Each structure stands twice: as C-alpha cells, then as structure tokens.
2 protein chains.
Amino acid sequence: MKKSFRSSCPIASLLDLLGDKWSLLIVRDMIIKHKKTFKEISDSDEGIAPSILSARLKLLESYAIITKRKLPENKKENIYLLTDKGLDLTAIVVEYTLWGDKYMREHNTIDDIPGLDTDKSIMVDTIQNNYRAMVRTIC
Amino acid sequence: MKKSFRSSCPIASLLDLLGDKWSLLIVRDMIIKHKKTFKEISDSDEGIAPSILSARLKLLESYAIITKRKLPENKKENIYLLTDKGLDLTAIVVEYTLWGDKYMREHNTIDDIPGLDTDKSIMVDTIQNNYRAMVRTIC
DNA sequence: AAAATTGCTATCGTTTTAGTAGTAATAATT
DNA sequence: AATTATTACTACTAAAACGATAGCAATTTT
C-alpha cells in the first residue's frame, strides 16, 4: 500500500490520506451510525460504488484507522471497526457537522441533527463512548 | 458555478465543497500563513498547479468562503481574503493539525508546530484574532 | 437443493487532476 | 523610454481517479 506525501505539514499529510470525497463519509458512517459491514456502508444515502468502498477500506486498514475481522458466528460478513486512532477522528467529524449545519443550508437541504448545541468536548466524548459501548456488545 | 450535492448530510455537503486534496490547504495558507495572493499560495511547499489553484479560488469565492479584491496601490495583484464563513473553518484546520501531528509521524516527517498543547478554543480564537488583525492592516 | 445475500473484483467510459507552456497586464529596472 | 520581471492567470495534453454496472465465489437462508 504505497502513498507519498506532499510535504511535512500535518494537515497536508492527513489530507494525503483522507482528503477525498469518501473516506470521511465512511468514518462518519462508522462513528455516528455504527455501520460495521461492507453492505451497511454501501447502503448509505450517498451511494458509494463498491470498487471505491473496497479501495478505501483497504487504505483505512493499511493505516490502522480501522480493523477488519470476522465474528465466529458468521463466516461471510466482515466486521470493520474503528481503532482508537480512527475514533480520534471524532473531533474532526463533529467540526464538519457544525460547519456544514451552519453554512450549507443556503446551498442544499441539510438534515437537522439533534444535540449540535451541546458543548463540543461533551459531544465528542459522548460519540466515542457510544461507539466503544457498541464495540463491547459484539466482541 | 454548478455543483450538486450527494445527500442532505452536513458532513457530505461540506465534503462536496472542500473534500479534495487542495481546498483545505489553500484555506490553511490563508488562515495560518496569512497568504493573500495567487503567487504566495502558488509558492507553498506542496506545489499546487496554477490551473488547480485558479479553479479552487473561483470555487471558494463562489461559495463566499473567500473574497477577491485589488488594493488601490497595486492594480496587478489580486488580494484574496477569508470571509467570516471561511475563517470559521479554523476549528477544522486546528483539528486536522492536532490529528496529523499525533498520528502521521509514523508515516511521514511532520513539522513541529508550537502551541499545539494549548487549549483548543484558545488556539482557534488566537488564530482568528491574528487573521482579523492582519486584515485590518491592509484594508 | 435452490435462492438469496455478502463481499468483493473486473471492466470500461467519463471526469478530474497534474504538469507544462504560454499570454496579457502591470510594475520594476536600467 | 525601453526592456525586463512579475503577477495572474488560461490552454493544452497526458495521466490518474472515479463511477456505474456486471459478475462471481463463498456463505447463509429458505
């Protein structure tokens, strides 16, 4: 899994990894909607093509943002879970949500998302705790 | 300036605008490095092609994230400045910096950036205040 | 045993990106 | 005043990425 980086800037380096139209949406599906399988993510509103989803999951896995495993009771489904590193993207996802909620309404219909008036750090903690609780139920 | 949106999700909508490898870097150059002209942004470490920079600046302007103007004393240079909407991307830029600083060092050389241990909201305020002060000196 | 589901890969036309060259207008230099 | 340099682009083409669809193997369900 090769990748080259444009510069030594932390922002540019992160963009070299996740700077496309799909990667953060996959992370969103996992963090917020607790999606865990190829099928669940495929079924999102935005309609990602399987070839793209496949490539992105591989990339995210190669950078240890997600892990891929099978559960003993199902040999068909792969379960994708966020690592701590991946779950640490929550703050970015929250900031995207807040900015999009505030400024994109003039250009597009935007869903109302409850709880956006909560303190940011509490939002981030809540999301991360919910995710970890979900992981505990399946492993 | 046409653009279509994939869904009514605020995150997806923001990604439809800024979800590429360059837009946020341009915003970073403006917010952090106080770059204001086509030339200054062109000269960044990452080496953006002029055709791409031109297209992105037009897009950012069309969504009122930046403005374009000339100063009376120079009829050649265009001055690009962030609007309040654009400056509100500071929190996202800060979160990118923090995540990149924390997790990208194992994959790439990452510059040390002073002040990353400061409280997030103070970082954001400081950056925004510095930017506004800079704008005041030239307008 | 047959049908459906899941998790992909393959293919291919279209779109986007990247790199380079070139140009017009202004500004600086000689 | 004439030449040179700078700025802000646009134009062009090659390369890469994307997007939609089809297809397939391994399971699971019926």
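Naming: A, B, ... by sequence-line order, numbering from 1 per chain. Everything quoted here is computed from the prediction, not taken from an experiment.
Residue B/Lys58 has a polar side-chain atom (N or O) positioned under 4.0 Å from OP1 or OP2 of D/dT10. For C/dC8, the OP1/OP2 oxygens have a side-chain nitrogen or oxygen of A/Tyr80 closer than 4.0 Å. An OP1 or OP2 oxygen of D/dT27 is reached within less than 4.0 angstrom by no side-chain nitrogen or oxygen of A/Asn74.
Minimum interatomic distance between B/Thr90 and B/Ile127 (heavy atoms only, all atoms of both residues): CG2-CG2, 3.7 Å. In terms of heavy-atom proximity, A/Lys76 sits nearest to A/Lys70 at O-NZ, 3.8 Å. Considering every non-hydrogen atom in both B/Leu89 and B/Ile31, the closest pair reads C-CD1, 4.2 Å.
The residue A/Lys70 sits apart from the nucleic acid: no heavy atom pair falls under 4.0 Å.
As rounded to whole Å, 14 Å separates atom P of C/dT26 from atom CD of B/Glu77. Regarding A/Asn78, its CG atom lies at a distance of 6 Å from the P atom of C/dG7, rounded to whole Å. Distance, A/Ile66 CD1 to C/dG7 C1': 14 Å, rounded to whole Å. The distance between atom CD1 of B/Ile48 and atom P of D/dA8, rounded to the nearest whole Å, is 14 Å. Between the P atom of C/dT6 and the NZ atom of A/Lys39 lies a distance of 4 Å, rounded to the nearest Å. Atom P of nucleotide C/dT26 and atom CG of B/Leu71 are separated by 15 Å, given to the nearest angstrom. Rounded to whole Å, the distance from CD on B/Glu40 to C1' on D/dC9 is 16 Å. As a whole-Å value, the separation of A/Leu53 CG from D/dA17 P is 18 Å.
Taking 4.0 Å as the cut-off between side-chain N and carboxylate O, A/Glu95 and B/Lys120 do not count as a salt-bridged pair.
Both A/Ile138 and A/Phe38 are part of a single hydrophobic cluster, where members link through side-chain heavy atoms under 4.5 Å apart.
Side-chain contact between B/Leu17 and A/Met104 is present, with at least one heavy-atom pair separated by less than 4.5 Å.
Atoms OG1 and CG, on B/Thr118 and B/Asp125 in that order, are 12.0 Å from each other to the nearest 0.5 Å.
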Seminar exercise, completed: Contact string for nucleotides 12-19 of chain C, one letter per nucleotide 5' to 3', B = base within protein heavy-atom range under 4.0 Å, S = sugar-phosphate only, - = neither, reads -----SBB

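Side-chain N/O atoms of A/Lys76 and base N/O atoms of C/dT5 include a donor-acceptor pair closer than 3.5 Å.
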